[in-house]
Protein chains: 2
Amino acid sequence: MTLDARKKNVLLAIIQDYIATAEPVGSRTIARKYKLGVSPATIRNEMADLEEMGYIEQPHTSAGRVPSNRGYRYYVDHLMQREELSVEEEQLLLSGYLTKMQEVAQVLRRTGQLLSHITSYTGVILTTCYGQGKFKHIQLIHMSAGQAMVVVVTDTGAVHHRIIEIPESICPADLETISAVLNQKMHGKSIENIRLTLIKEIYFELAKQKHVIDLAMDVIRDSLSVETGEKIYLGGIFNILNQPEFNNIEKVKTLLSLLEHENEIANIMTDVFRNEGVTVRIGEEMVDDRMKEYSMVMGSYHMEGKPVGAIGLLGPTRMDYARAFAVVEYMTRNLSLVMERLLRWRGK
Amino acid sequence: MTLDARKKNVLLAIIQDYIATAEPVGSRTIARKYKLGVSPATIRNEMADLEEMGYIEQPHTSAGRVPSNRGYRYYVDHLMQREELSVEEEQLLLSGYLTKMQEVAQVLRRTGQLLSHITSYTGVILTTCYGQGKFKHIQLIHMSAGQAMVVVVTDTGAVHHRIIEIPESICPADLETISAVLNQKMHGKSIENIRLTLIKEIYFELAKQKHVIDLAMDVIRDSLSVETGEKIYLGGIFNILNQPEFNNIEKVKTLLSLLEHENEIANIMTDVFRNEGVTVRIGEEMVDDRMKEYSMVMGSYHMEGKPVGAIGLLGPTRMDYARAFAVVEYMTRNLSLVMERLLRWRGK
DNA sequence: GTTAGCACTCAATATGGGAGAGTGCTAACA
DNA sequence: TGTTAGCACTCTCCCATATTGAGTGCTAAC
């Protein structure tokens, strides 16, 4: 089902206009603003066709047309022309990183804010793929009789910690020993490696403290696995409220309740790792029914060529995809650089 | 300027009714619902007086009266009767902690959610007072040539980490040595102590690595100092939108933009440490002008008798102070217990 | 295939009364 | 002197009724 050139132009005009104005667009407007060389009546005919094909819809009989999610999809896949950011905008985005960053979390938070600030959508950052990360260091710290803290550092610069129960008989020195052995055995290994081959060796060496090791291994597994390794940063939740679609409170409420369930967002974002480049999810393409009025434009950022996380923009389906595309693309490159500089990878 | 008994009763009735209904309350309503034994006309006279004294206001001529912030203040200080939570509510709050908690952050996040869930206001948790915390453990971890990660653990269970630049000549073993010395010297000491007396000793012992120690000390100082030790957790931002005052988007926007500046909220909350028990801040008592339609009810939680953080409820000035009071009071006790159990303090 | 013309639809925007809640004032009452 | 009933007055809120205007679909002519 392919569209002839004029239909494409009409659809493009409708979508561009609707993105710009958020008002249903009528045949007159198109004839006037976008010179297609035909009269409103002709455009009306084309619009009737497009509606039948499901690319646009009518809120009510005497209103103009509005793109359907299917229409947006067609636009993104076939009609959208690439956009470049202006030099000033690139400057603005870069300058956000000027204040000295010392923590991965800080960089990511900042990135979320920048994304949101420049687009008036909500910036979403996902860190993940610790599954592909490597173990760097583990430390067991004695907190009190019967309690210890496990701290695990991965080579992506992530730090995970947790309090565990230990037999009261274990003293600080024991923990030091355990830490040392674990570090020595696991240094630079990936989690799969550890699980498959090393674990027996370690058990053997530390037979006495089986229980503690089990708990410590839990933390390691958690921190290296995708499951809890995921963390979401949201930036500028309230910027998106400037979008005209949030003129009624119910919408705001559903959005906020949506954003409170971070793991669902995380779920959607993992999609991104299946594609190269920038991915767009529109409306009900994102499972959850409450998302059907929202879209996400997302991309992954890399370290050493491997994707280690994703950034995205969450906006109404009416969002400016071309611009979001450009911003996300620019920011993924940018963020990859900043991250690599922060955790310079020479030694390993 | 003290009020006679009848004026007090009228003011109390107005405030209670307004808290319950969010509608301006008229003389008729009071005469009917709250049996003061006088006619509406008499109540009207009293209301005129109360208005002149600034305890209540009139949205427009033909509307009932609404409490002013001054009125709320008088209510909280002199009229409010203490309320107890029902057994079911206490149960509900307790059950929130049943799923196993392994991290301080997790407990605090949960607490925020619980606070919000049971009151439909926004729960705010502030952790602070690491200045009074003690140093537990430091670890320098070699990440790559020229870069190391510093991880500091305090006895309150907080973990701070940061990437620092180091001379390329320093190898993992050096960092290990430095870690060991630092740990040995500083174990169990407070930051003041470290700064004042130990630092020279440490420099002497590790003269070669002055630069690294400086950087590490920065992290320690930061993590133990109140400045960056503060962290805010917000719970149920969207629960508060159920309050009828948020019927218009502008209100929602200002609230959200307010909540994005966590440090300002933190500022307000430090007030709490000056008082015993539960503190109430109403409207413009909280500096920022945009806060004049909100109130906070807050209390501090303790570990070993010392306040280590604060919890609070943020709601409209019309909030149910008596109930908020009860919830906050109960939760501070609760949280103190949970925290102490999580980081059992026997050993030290 | 395109276009002008026209009748029709329907949301959004006034317009214009009530209805109702609440007030302040006055005068009468205990 | 304090309290109360009565009453005129003032607003907001709500509802029902035009009015407007943008936009459509259809038909017939070009």
Side-chain angles (χ1 to χ4, degrees), chain A residues 3-11 13-18 20-68 71 244-245 247-248 251, chain B residues 3-11 13-18 20-68 71 244-245 247-249:
Chain A
L3 300 177
D4 66 49
R6 194 168 67 190
K7 280 196 175 49
K8 280 185 189 173
N9 282 333
V10 172
L11 182 54
I14 292 175
I15 293 184
Q16 283 180 344
D17 207 73
Y18 187 64
T21 65
E23 299 289 330
V25 8
S27 52
R28 254 186 99 87
T29 323
I30 294 184
R32 215 180 327 115
K33 278 210 246 176
Y34 307 79
K35 327 193 182 296
L36 305 185
V38 290
S39 77
T42 312
I43 292 176
R44 278 206 285 285
N45 289 332
E46 298 288 25
M47 283 163 99
D49 291 351
L50 285 170
E51 178 160 12
E52 199 173 342
M53 289 187 264
Y55 293 115
I56 54 179
E57 345 185 289
Q58 230 174 342
H60 57 264
T61 10
S62 73
R65 301 306 214 287
V66 159
S68 67
E245 5 274 300
N247 52 4
N248 103 50
K251 297 262 176 65
Chain B
L3 301 177
D4 65 49
R6 194 168 66 191
K7 280 195 175 51
K8 280 185 188 171
N9 282 334
V10 171
L11 181 55
I14 292 174
I15 293 183
Q16 283 181 343
D17 207 72
Y18 187 64
T21 65
E23 299 289 331
V25 7
S27 52
R28 254 187 99 86
T29 322
I30 293 184
R32 214 179 332 112
K33 277 211 246 174
Y34 307 80
K35 330 199 180 295
L36 305 185
V38 290
S39 78
T42 312
I43 292 175
R44 278 206 286 284
N45 289 332
E46 299 288 25
M47 283 163 102
D49 291 349
L50 285 169
E51 179 161 13
E52 200 172 344
M53 289 187 265
Y55 292 114
I56 54 180
E57 333 180 303
Q58 228 174 345
H60 57 264
T61 12
S62 75
R65 301 308 212 289
V66 158
S68 68
E245 5 275 301
N247 52 4
N248 102 51
I249 312 278

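By convention in this document, chain letters (A, B, ...) are assigned in the order of the sequence lines, proteins followed by strands, and residues within each chain are numbered from 1.
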Nearest non-hydrogen partners of A/Gln16 and A/Tyr34, listed with the distance
OE1-CE2, 3.8 Å
Does A/Ser68 reach the main-chain N or O of A/Gly54 with its side chain, forming a donor-acceptor pair under 3.5 Å?
yes
Whole-Å distance separating the CG atom of A/Leu36 from the P atom of C/dG1
18 Å
Closer than 4.0 Å, any side-chain N/O of A/Ser39 to the OP1 or OP2 of C/dT2?
no
One thing to verify: whether B/Arg65 and B/Glu51 come together as a salt bridge, which I'm taking to mean a side-chain N less than 4.0 angstrom from a carboxylate O.
yes
Rounded to whole Å, how long is the line connecting atom NZ of B/Lys33 with atom P of C/dA21?
13 Å
Start at the 5' end of DNA chain C and walk down; is the nucleotide closest to B/Ala63 or to B/Asn45 reached first?
B/Ala63
How many Å lie between CD on A/Glu23 and C1' on D/dG21, as a whole number?
14 Å
Between B/Ser62 and B/Arg6, the residue closer to the 5' end of DNA chain D by nearest nucleotide is B/Arg6
Separation of C/dT23 C1' from B/Ile56 CD1 (nearest whole Å):
12 Å
Could you check how far CD of A/Gln58 sits from P of C/dT9, rounded to whole Å?
14 Å
Do B/Val38 and B/Glu46 have side chains that approach each other closer than 4.5 Å (heavy atoms only, starting at C-beta)?
no
So, OP1 or OP2 of D/dG25: does either fall under 4.0 Å of a side-chain N or O from A/Thr61?
no
Is the phosphate of D/dG25 approached by A/Arg65 (side-chain N or O, under 4.0 Å from OP1 or OP2)?
yes
So which nucleotide does C/dT9 pair with, by the Watson-Crick or G-U wobble rule with both distances under 3.5 Å?
D/dA22
The Watson-Crick or G-U wobble partner of C/dA28, with both key distances under 3.5 Å, is D/dT3
Per the atom types in the model, does the base of C/dG22 pair as donor or acceptor with the side chain of B/Arg28 at under 3.5 Å?
no
Grab the CD-P distance between B/Glu51 and C/dT23 for me, whole Å please.
10 Å
Of the listed D/dT4, C/dT23, C/dA4, the closest approach to the B/Ser27 side chain comes from C/dT23
Counting only side-chain N and O atoms of B/Arg44, is one of them less than 4.0 Å from OP1 or OP2 of D/dT4?
no
Nucleotide D/dT24, atom P - distance to NE2 of A/His60 in whole Å:
10 Å
In whole angstroms, the gap separating P of C/dA12 from CG of A/Asn247 amounts to 11 Å
Tell me, with the steps shown, if A/Leu36 and A/Ile30 meet side chain to side chain contact (heavy atoms under 4.5 Å, CB included).
CA-CA 8 Å; A/Leu36 305 185; A/Ile30 294 184; 4.0 Å; yes
